[in-house]
Amino acid sequence: MGEVIKMRANDSLRSVVAGLGDPMRDKMAMTTYGFQMLDELQIANIYRSNWMGRKAVDIPALDAVRKGRDWQAEQDQIELIEAEQNRLGFWKKLLDVLIKARLWGGAALYIGTGDTNLALPLDPTRIGKGGIKYLTVMSRRDLAAGEIDQDVMSEFYGKPSYYEVTGNSANSMVRIHPSRFAIFIGADQADSFLNGGINQGWGDSVLEAMYSAMKNADATAANIASLVFEANVDVFRIPEFMSSLSDPEYSKRLMDRFMLAATAKGINRALLLDKEEEYERKTISFATLPEVMQSFLQQFCGAADIPMTRFLGTAPSGLGSNGDHSMANYHDRIASSQTLEITPALYRLDECLIRSALGSRPPEIFYTWAPLEQMSEKELAEIGKMNAETAEILVRTGIFTSTELRAVVGNQLVESGFYPGLDQAMDDTGKDFDPDLGGDDTEEEVVPPQRHAANDAAPRTLYVRRDVINRSDIVKWATAQGFTDIVPDLHVTIAYSTQPVDWFEMGESWSSRIEMAAGGPRQMEGLGDNGEYKALLITASELVWRHKHFIEQGASWSWPEYQPHISIQIGGDIDLSKVEPYQGKIILGPEIFEELRDA
């Protein structure tokens with residue numbers, strides 16, 4: 001035991017010269033951590049009167065519920081569940097209980113089923129359609145917790161074995177089994193038994209951990225506000241001032257004197273002084289105060305675990321800063337809270353909710369929390385476009401039928417809210433509707449100009465290219481690099497098949513226009529047997545994928561591998577090692593199908 005004590009005594013940084021670790025000289029040696037418990041009145045005052053405390057409590061609770069849940073079920077089942085949630089006011093009450101739990105250290109949602117003996121456990125399997133009559137939000141102040149369950153084999157170990165609430169009369173108490181509540185804890189304690197069980201199974205208010213940082217930020221803001229009134233101080237030096245103050249008449253004349261001077265200054269901006277009087281104005285600089293205030297607010301946001309961009313509602317500052325990283329971390333934390341805290345607390349309530357909405361509990365029904373990121377209209381449109389293009393590709397591959405994809409894609413668009421009322425429109429057309437996405441229309445197909453040569457399905461040789469739309473940009477670069485005989489029709493070759501193929505089997509590209517952003521891998525290289533083709537090597541997933549698709553459909557390719565490129569010049573004496581590859585944007589037009597001209 002003596003060796004253990006000796007190791008602990010020596011297991012710290014000590015310095016005789018600097019006094020580090022010496023309790024007689026080092027001030028940090030006597031520093032300890034204590035816990036300042038906030039009473040209920042103080043917590044209420046903070047929430048009612050302090051904007052930082054209120055937002056620190058409300059924001060995470062609001063963000064946890066604002067996007068809702070995505071139920072995975074049949075559309076009619078989803079509608080019934082959501083209607084039941086609306087009837088019970090589920091989302092507003094869930095927000096209220098989360099706020100109260102964070103504020104007071106705990107709260108609960110009471111599941112009202114109309115049972116008479118509330119001391120018995122709640123059995124979700126006995127809940128029928130409409131079985132949940134109401135939901136009631138109660139904070140820990142509304143519930144009198146019973147004795148803590150010490151049975152380690154019990155579901156409610158370490159928690160109250162029952163709760164009591166006020167009954168019909170003020171003096172009557174109703175005992176309720178804990179299974180009839182969805183219990184939410186504020187800030188978890190390290191050990192519920194460490195303080196003698198004084199919290200009765202509840203947690204701490206989240207304000208307690210951030211209380212010190214909040215006071216520091218508030219005090220700093222108050223001091224800065226006080227300094228504003230001292231920004232400009234007028235200083236007057238008056239001969240024999242102190243010796244004359246003993247005369248009351250002098251004091252009165254002095255006040256009248258400077259009132260008159262202030263009035264004159266206010267009228268004509270001129271200050272009238274005696275020849276022997278001196279005047280000076282002292283100005284306080286506020287140059288560094290915003291950074292000081294920002295530092296204290298940042299510390300408080302760290303204590304509240306909320307990014308400043310979300311807490312203050314301001315754009316992030318700093319070179320190259322857009323706040324995406326901090327918001328992504330914050331959303332991950334909220335998502336973790338949804339998964340690890342809210343979902344388990346709601347488990348029994350959700351089981352009752354599904355039965356109350358449907359009258360049964362289909363095992364395949366479940367939900368996920370909706371993503372927290374809010375996308376712009378442009379981002380939503382791009383996602384919708386990608387989903388539609390993916391569905392089109394899946395139809396062409398033949399892996400799924402058009403009817404299967406109609407149901408899946410329709411449900412995807414309904415859940416995302418992309419097309420309001422789409423589910424009702426699909427119901428009106430009927431489940432037997434065949435969208436025929438593969439294209440067998442009896443009407444004449446409108447064929448793009450570049451595809452007129454493909455009207456005959458007889459196999460033939462195939463040359464497919466995409467022309468460069470922004471040719472002038474590349475010509476300007478090439479001229480500056482020393483190219484003199486630039487190819488007139490800048491393009492990218494995708495297929496060059498001497499083997500005749502059925503053009504219709506080649507399918508269509510994902511898009512009629514490819515725009516490659518500036519930058520990325522670019523390289524100049526001489527292609528051909530003697531390197532006579534001076535080409536700009538590029539890359540794009542769409543080009544590579546389409547070339548591979550042509551080969552899979554029977555097209556031939558006379559070279560070992562496919563490397564997308566734009567031929568800049570054929571022949572000529574130019575040192576490519578001295579050429580700086582083009583790094584600008586490249587825009588390619590639609591695919592053009594032709595037969596090989598020399599075949």
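All residue numbers in this chain count up from 1 along the given sequence.
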Please find the pair of heavy atoms, one from [X] and one from [Y], that lie closest to each other, and give the distance.
X      : Y      : result
Pro121 : Ser179 : CA-OG, 3.3 Å
Trp477 : Pro581 : NE1-C, 3.8 Å
Leu135 : Ile111 : CD2-CA, 4.1 Å
Met52  : Asp218 : CE-OD1, 3.3 Å
Lys55  : Pro60  : O-CD, 4.1 Å
Ile43  : Ser205 : CD1-CB, 3.9 Å

Enter the distance from [X]:[atom1] to [Y]:[atom2] here, rounded to the nearest 0.5 Å.
X      : Y      : atom1 : atom2 : answer
Leu143 : Thr166 : CG    : OG1   : 9.5 Å
Ile342 : Leu98  : CD1   : CG    : 5.0 Å
Ile469 : Arg513 : CD1   : CZ    : 5.0 Å
Arg87  : Ile132 : CZ    : CD1   : 7.5 Å
Phe296 : Cys301 : CZ    : SG    : 13.5 Å
Ser337 : Asp332 : OG    : CG    : 12.5 Å

For residues 362-371, which side-chain donor-acceptor pairs fall under 3.5 Å, sequence neighbours excluded?
residue	atom	partner	partner atom	Å
Tyr367	OH	Arg69	NH1	3.3
Tyr367	OH	Asp350	OD2	3.1
Trp369	NE1	Thr343	OG1	2.9

Using a 3.5 Å distance criterion without hydrogens, assess whether the side chain of [X] forms a donor-acceptor pair with backbone atoms of [Y].
X      : Y      : value
Asn470 : Ile587 : yes
Asn50  : Gly53  : yes
Ser139 : Ala107 : no
Ser356 : Cys352 : no
Ser295 : Glu291 : no
Glu341 : Gln338 : no
Glu208 : Leu38  : yes

**Q.** Audit row: Met516, Leu588, side chain to side chain contact (heavy atoms under 4.5 Å, CB included) steps and yes/no
**A.** CA-CA 8 Å; Met516 288 175 278; Leu588 302 179; 3.8 Å; yes

Minimum side-chain heavy-atom gap [X]-[Y] below 4.5 Å:
X      : Y      : result
Leu297 : Met308 : yes
Leu94  : Leu346 : yes
Arg310 : Ile59  : yes
Met214 : Ile46  : yes
Leu358 : Gln77  : yes
Thr113 : Arg180 : yes
Ile127 : Arg361 : no
Tyr330 : Thr309 : no

With the threshold set at 4.0 Å, does a side-chain nitrogen-carboxylate oxygen contact exist between [X] and [Y]?
X      : Y      : value
Arg333 : Asp305 : yes
Asp96  : Lys92  : yes
Glu580 : Arg522 : no
Glu351 : Arg348 : no
Glu542 : Arg466 : yes
Asp63  : Arg66  : yes

Q: Evaluate the criterion side chain to side chain contact (heavy atoms under 4.5 Å, CB included) for residue pair Val57 and Tyr47; output intermediate values, then yes/no.
A: CA-CA 8 Å; Val57 171; Tyr47 188 73; 4.0 Å; yes

Q. Would Leu353 and Gln85 count as a side chain to side chain contact (heavy atoms under 4.5 Å, CB included) if you check the C-alpha gap in whole Å, the side-chain angles of each, and the deciding distance to 0.1 Å?
A. CA-CA 8 Å; Leu353 179 67; Gln85 289 180 156; 3.7 Å; yes

Q: Could you give me the CA-CA distance, side-chain angles and deciding distance for Leu109 and Lys93, then say whether side chain to side chain contact (heavy atoms under 4.5 Å, CB included) is met?
A: CA-CA 8 Å; Leu109 267 178; Lys93 292 179 179 179; 4.0 Å; yes

Q) Does the side chain of Tyr162 pick up a donor-acceptor pair with the side chain of Glu147 at under 3.5 Å? A)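 Result is no, nothing qualifies.
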
(Q) Using a 6.0 Å cut-off, check whether atom NZ of Lys129 has over 12 heavy atoms from anything other than its own residue. (A)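 Yes, because the 6.0 Å sphere around NZ of Lys129 holds more than 12 heavy atoms from other groups.
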
(Q) I'd like to know whether CD of Glu515 has more than 12 heavy-atom contacts from other residues, nucleotides or ligands below 6.0 angstrom. (A)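 More than 12 within 6.0 Å, yes.
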
Q) Residues in side-chain contact (heavy atoms from CB on, under 4.5 Å) with Pro160, at least two apart? A)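 Pro160 satisfies side-chain contact (heavy atoms from CB on, under 4.5 Å) with Ala145, Ile148, Tyr163 once adjacent residues are dropped.
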
**Q.** Pairs flagged by ring-ring contact (aromatic ring centres under 6.0 Å, His included) wherever residues 77-109 is involved - sequence neighbours left out
**A.**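 Not a single pair qualifies under ring-ring contact (aromatic ring centres under 6.0 Å, His included).
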
